[in-house]
Amino acid sequence: MRILVIDDSAYARRRIRQVLEKAGYEVVEAPDGETALQIVREEPVDLATIDLLMPGMDGLELMYRLREVDDSLPLVVVTADVQEATRQEVFRAGACAFVAKVEKPEAVLSTVGTLLGAPYISPEQLDAFAELLNVTMGQAASALEALLGKRCRLHVPQVEAMPASVLPAFFRRRLPFTGAAVLQPFTGLLSGLTSILFPEQHAIVLIQLLLGAERDWGEISAAEQTVLAEVGNIVLNTVAAVLGDRMGTRLKMGLPIVVLKQAAPEMIVSLLNAAPHADHALVLVSHLSIAEAELEAYLLLLLPEDALRQLLSGL
């Protein structure tokens with residue numbers, strides 16, 4: 001998850017950055033309002049902390065202008081001005097929370113966690129989960145290698161944890177359009193939804209590798225959809241098997257569903273509607289080489305909070 005820290009003081013930015021990064025957040029900094037607006041326009045963030053007293057554009061004006069760019073962006077005011085009148089004014093301007101600078105930086109961390117609705121996942125837990133998914137994708141690559149008759153090699157994956165509610169913004173930034181997605185629900189001791197998403201050109205390359213024919217991205221035949229479903233089925237069932245083994249249980253998988261050519265944020269909304277009880281998401285960004293082709297895939301795991309806590313407790 002990506003947090004924007006806005007303050008003209010490099011020392012103040014560093015204090016907040018250190019505590020947020022230690023908790024696993026990605027942090028970007030802005031020393032003034034114009035820089036902050038440019039960042040939000042170019043690469044959407046999940047939350048921003050704002051100092052009030054800054055040269056040029058002050059924090060209050062910045063809040064109003066940020067609301068024009070993204071009216072749903074959570075804003076946390078972090079200021080030395082703790083007057084009650086100031087507090088009331090920033091809330092009228094659209095602040096979601098108010099933290100005094102005299103408090104420890106952990107107060108910012110607690111506020112961020114509350115607003116984003118995410119349980120605390122330590123860097124150690126995230127590393128452990130990344131290794132678990134790395135093993136999972138290694139097993140899936142071996143299965144794909146047998147299916148394709150071509151060498152499949154995985155690169156080091158990137159794993160991010162976030163509330164399900166911010167997934168559309170995450171994919172708007174990282175993957176605006178998907179060529180293909182395969183999704184499967186699962187039930188048991190853990191219940192949720194798994195999905196794998198491919199960028200458009202990478203989905204084309206995958207079909208060419210599987211069927212051995214050059215093609216463009218026109219209408220996808222039933223046979224090609226079946227092939228995509230089989231690839232997704234292999235990967236997603238491998239994920240379920242590893243998670244089930246880790247929890248000492250068996251997870252029951254639903255039938256794979258293929259969704260084609262859709263803007264990623266809208267597709268994510270569809271996935272969230274298919275998993276209405278999922279509060280949290282784990283996203284693995286995986287790069288793999290198949291023969292001479294380089295592919296990117298997004299493995300998505302949607303879980304209710306109790307299922308996520310059960311999983312984390314076993315790491």
Side-chain angles (χ1 to χ4, degrees), residues 1-82 86-87 89-91 93-118 120-123 126-127 130 158-163 165-176 283 285:
M1 302 189 69
R2 196 163 182 261
I3 311 298
L4 173 60
V5 176
I6 310 162
D7 199 306
D8 62 309
S9 166
Y11 172 72
R13 296 197 306 270
R14 185 170 64 250
R15 290 182 76 225
I16 296 173
R17 180 182 196 125
Q18 287 174 341
V19 72
L20 290 175
E21 286 187 334
K22 187 176 180 181
Y25 294 102
E26 177 188 355
V27 177
V28 289
E29 298 181 19
D32 54 62
E34 290 296 342
T35 304
L37 286 168
Q38 181 179 351
I39 290 171
V40 172
R41 290 189 186 109
E42 294 178 355
E43 296 185 61
V45 298
D46 301 304
L47 181 145
T49 71
I50 303 175
D51 180 31
L52 289 181
L53 185 58
M54 296 186 291
M57 186 189 311
D58 65 20
L60 277 171
E61 181 184 352
L62 175 59
M63 290 170 66
Y64 285 113
R65 294 186 62 180
L66 284 172
R67 282 280 168 257
E68 295 174 357
V69 178
D70 184 351
D71 62 3
S72 64
L73 178 66
L75 303 177
V76 177
V77 170
V78 183
T79 180
D81 184 351
V82 295
T86 301
R87 183 188 297 266
E89 190 171 11
V90 300
F91 280 117
C96 298
F98 184 98
V99 179
K101 279 192 173 182
V102 294
E103 297 186 60
K104 293 181 179 179
E106 285 75 13
V108 177
L109 174 62
S110 175
T111 301
V112 168
T114 298
L115 287 174
L116 295 180
Y120 176 71
I121 300 177
S122 70
L126 198 59
D127 286 344
Q158 171 194 350
V159 177
E160 296 201 32
M162 64 193 72
S165 60
V166 304
L167 272 175
F170 173 84
F171 277 97
R172 190 176 295 114
R173 182 171 72 245
R174 296 294 299 268
L175 179 65
V283 182
V285 185

Tell me whether R2 contacts the main-chain N or O of V27 through its side chain, where contact means a donor paired with an acceptor under 3.5 Å. no
Go through L66 and V40 one step at a time and tell me if the side-chain contact (heavy atoms from CB on, under 4.5 Å) criterion holds. CA-CA 8 Å; L66 284 172; V40 172; 3.8 Å; yes
Can you check whether I6 reaches D51 side chain to side chain, under 4.5 Å on heavy atoms? no
Considering only heavy atoms from C-beta outward, does the side chain of L4 approach that of T49 to under 4.5 Å? no
Extract all donor-acceptor atom pairs below 3.5 Å that involve side chains of residues 96-103 and protein atoms in other chains or at least two apart in sequence.
| from | atom 1 | to | atom 2 | distance (Å) |
| --- | --- | --- | --- | --- |
| K101 | NZ | D7 | OD2 | 2.9 |

Between R14 and E29 (salt bridge meaning N to carboxylate O under 4.0 Å), is one present in this structure? no
Check step by step if side-chain contact (heavy atoms from CB on, under 4.5 Å) holds for L52 and V90. CA-CA 9 Å; L52 289 181; V90 300; 3.8 Å; yes
Looking at D58 and E61, what are the two nearest heavy atoms and their distance? OD1-N, 2.9 Å
Which heavy atom of T79 sits nearest a heavy atom of D81, and at what distance? OG1-N, 3.0 Å
Less than 4.5 Å apart, any side-chain heavy atom of L73 and any of L75? yes
Are L62 and L60 close enough that some pair of their side-chain heavy atoms sits under 4.5 Å apart? no
Going by heavy atoms in the side chains, are E43 and V28 under 4.5 Å from each other? no
Student check: side-chain heavy atoms of M63 and V77 closer than 4.5 Å: yes
To the nearest 0.5 Å, tell me how far S9 OG sits from L53 CG. 11.0 Å
Under the side-chain contact (heavy atoms from CB on, under 4.5 Å) criterion, do I50 and V5 qualify, and how do the steps go? CA-CA 7 Å; I50 303 175; V5 176; over 6 Å; no
At what distance, to the nearest 0.5 angstrom, does CG of D8 lie from CE of M57? 13.0 Å
side-chain contact (heavy atoms from CB on, under 4.5 Å), that's the test. Do I3 and R17 meet it? Break it down for me. CA-CA 9 Å; I3 311 298; R17 180 182 196 125; over 6 Å; no
Check ion pair E34-R65 (N to O, under 4.0 angstrom): yes
Side chains of R13 and P31, heavy atoms from C-beta outward: is any pair under 4.5 Å? yes
Less than 4.5 Å apart, any side-chain heavy atom of Y25 and any of D46? no
